[in-house]
Engineer: 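This is the structure I want to talk about, given as structure tokens.
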Amino acid sequence: MIKILMSILMFSVLTCLLCTDIQAQQAPVDVITLMNGNEMKGKVTAINGNDIKFVYQGEELTYTVKKEEINKIQFSSGRVEIINDVTESEAAQEDSSGLPETQRNLVAVLPFSYLGEGGAKDEKLSKKVQSDCYNLLLKFAPHFSVQDPLKTNAYLARQGVNESNIDGFLPDELCHILGAEYVVIGSILVDYKGTTNYSNSSSESKKKDDGKKRTTYSSTSSSSTEQFETQVDLKIYTDDGHNISSQSRRSFWQTEDAYAVTLQYLIKRSPLYSK
């Protein structure tokens, strides 16, 4: 009889413990959604200036989570507190390679190939022309989104694409790396043609009141101008590798920065242009 009573008592205790555990698991919890989409479930115990204190469900250890890592907190009461907004660009899905999702109507401008005097490459001017082209597209291609060159260059660097190996990538591959529907590829060739010298002389004579003596003044000035021949090439490809524009023009102007006017001329005659 005693054994039966002990068995009933043990069964009752185990049943109570099991029910308590089930109820604890089913009880409402706080849910923290991180900026990368992961969730943390448990109890928010404190919210400070730059971080929060958090205990995972079923545990006792307190964790500290920085606010900059948190998108939102859904409290067990049902209230939702947004800590950091996730913009559309930040929420864009990435594939298994970490590449951005292709965005329709997005145009990315690659660093231009810039060959100066003697065929020497100039990386600084390469980036400058890229930036100039970006600004021109913002002005003359209002129906398209134009990717900031800083983002373009960052995406290229992440995939190991640089000046020395970029020729090994096809346009559609570059579009995929940049998440763009269109990619602009250009080159500038500047050829030094020589220096033109100019001189100018002037003189002045004055007669004194007695009419016998003259005083003569003379001056000579000179200047020189360097002359360049500039050719600009501009190509536009789609993310399927199709070339929709290929233009080349030699600049009328003979200054070293003549590419700017010529580049604007080509953009205004490209499929991206709109008034």
Side-chain angles (χ1 to χ4, degrees), residues 92 94-138 140-141 144-193 228-251 256-273:
E94 295 185 349
D95 61 21
S96 58
S97 300
L99 299 175
E101 184 181 29
T102 299
Q103 182 178 333
R104 296 297 97 185
N105 278 343
L106 179 63
V107 181
V109 182
L110 296 180
F112 273 57
S113 171
Y114 190 101
L115 299 179
E117 184 179 352
K121 292 185 177 182
D122 192 317
E123 184 176 355
K124 290 184 178 179
L125 285 174
S126 171
K127 298 290 180 63
K128 184 181 185 306
V129 181
Q130 178 192 25
S131 179
D132 290 343
C133 183
Y134 164 76
N135 290 325
L136 287 170
L137 288 172
L138 287 179
F140 295 114
F144 294 85
S145 299
V146 189
Q147 190 173 83
D148 190 299
L150 291 176
K151 182 176 289 187
T152 298
N153 296 337
Y155 284 149
L156 293 174
R158 289 177 187 176
Q159 298 301 318
V161 182
N162 53 51
E163 181 185 8
S164 63
N165 64 14
I166 194 170
D167 290 339
F169 292 84
L170 296 173
D172 56 326
E173 294 174 326
L174 293 171
C175 282
H176 184 55
I177 289 173
L178 300 171
E181 184 176 7
Y182 304 94
V183 64
V184 176
I185 303 174
S187 64
I188 307 289
L189 176 61
V190 180
D191 187 18
Y192 176 70
K193 305 303 292 184
F228 300 86
E229 186 176 81
T230 302
Q231 180 168 317
V232 181
D233 294 314
L234 191 72
K235 295 181 175 63
I236 304 173
Y237 293 86
T238 62
D239 57 355
D240 60 0
H242 181 59
N243 177 230
I244 61 172
S245 180
S246 181
Q247 303 181 79
S248 180
R249 183 174 177 83
R250 184 166 295 174
S251 178
E256 192 172 9
D257 60 352
Y259 74 84
V261 177
T262 309
L263 183 59
Q264 177 175 315
Y265 176 89
L266 295 179
I267 288 177
K268 294 179 72 172
R269 283 155 182 78
S270 76
L272 304 179
Y273 171 72

Engineer: Taking the side chain as every heavy atom from C-beta outward, state whether H176 and F169 have any pair of such atoms under 4.5 Å apart.
Structural biologist: no
Engineer: Does some side-chain heavy atom of K128 sit less than 4.5 Å from a side-chain heavy atom of K124?
Structural biologist: no
Engineer: Return yes if some donor-acceptor pair links the side-chain N/O of Q130 with the main-chain N/O of F112 below 3.5 Å, else return no.
Structural biologist: no
Engineer: Y114 vs V190, test: side chain to side chain contact (heavy atoms under 4.5 Å, CB included). Steps then yes/no.
Structural biologist: CA-CA 8 Å; Y114 190 101; V190 180; 3.4 Å; yes
Engineer: Provide the closest heavy-atom pair for E181 versus N105 in the form atom of the first, atom of the second, distance.
Structural biologist: OE1-N, 2.6 Å
Engineer: List the atom of L106, the atom of A180, and the distance in Å for their closest heavy-atom pair.
Structural biologist: O-CB, 3.5 Å
Engineer: Sub-3.5 Å donor-acceptor pair from the side chain of N135 to the main-chain atoms of D132, do we have one?
Structural biologist: no
Engineer: Can you tell if the side chain of D239 reaches within under 4.5 Å of the side chain of D172, non-hydrogen atoms only?
Structural biologist: no
Engineer: So which heavy atom on Q231 is nearest to which on D233, and how close?
Structural biologist: NE2-OD1, 3.6 Å
Engineer: Write down the atom of L110, the atom of L156, and the distance for their closest heavy-atom approach.
Structural biologist: CD2-CD1, 4.0 Å
Engineer: Could you check whether S251 and T230, counting side-chain N and O atoms only, form a donor-acceptor pair closer than 3.5 Å?
Structural biologist: no
Engineer: CD/E123 to CD/E163 distance, rounded to the nearest 0.5 angstrom?
Structural biologist: 5.5 Å
Engineer: Between N153 and P111, is there a donor-acceptor pair closer than 3.5 Å when you use the side chain of the first and the backbone of the second?
Structural biologist: no
Engineer: Would you indicate whether the side-chain heavy atoms of I185 and Y237 approach each other to under 4.5 Å?
Structural biologist: yes
Engineer: Please name the residue in the list S270, P171, S246 that meets the side-chain contact (heavy atoms from CB on, under 4.5 Å) test with K235.
Structural biologist: S246
Engineer: Which atoms form the tightest heavy-atom contact between P271 and I236, and what is the distance?
Structural biologist: CD-CD1, 4.4 Å
Engineer: For a 4.5 angstrom cut-off between non-hydrogen side-chain atoms, does E173 reach V183?
Structural biologist: no
Engineer: Hey, are the side chains of L263 and L234 touching, using non-hydrogen atoms and a 4.5 Å cut-off?
Structural biologist: yes
Engineer: So, taking the atom named NZ in K268 and the one named CG in L272, what distance separates them when rounded to the nearest 0.5 Å?
Structural biologist: 14.5 Å
Engineer: Might you point out which heavy atoms bring T152 and V109 nearest each other, and give the distance in Å?
Structural biologist: CG2-O, 3.6 Å
Engineer: Name the orientation class of the two ring planes belonging to F140 and Y273 (parallel below 30°, tilted from 30 to 60°, perpendicular beyond 60°).
Structural biologist: tilted
Engineer: Short question: side chain of Q147, backbone of L178 - any donor-acceptor pair under 3.5 Å?
Structural biologist: yes
Engineer: First locate atom OG of S248, then atom CG of L266, and finally report the distance between them rounded to the nearest 0.5 Å.
Structural biologist: 7.5 Å
Engineer: Measure the OG-CG distance between S131 and L125 for me, rounded to the nearest 0.5 Å.
Structural biologist: 12.0 Å
Engineer: Side-chain contact, heavy-atom cut-off 4.5 Å: Q103 with S145?
Structural biologist: yes
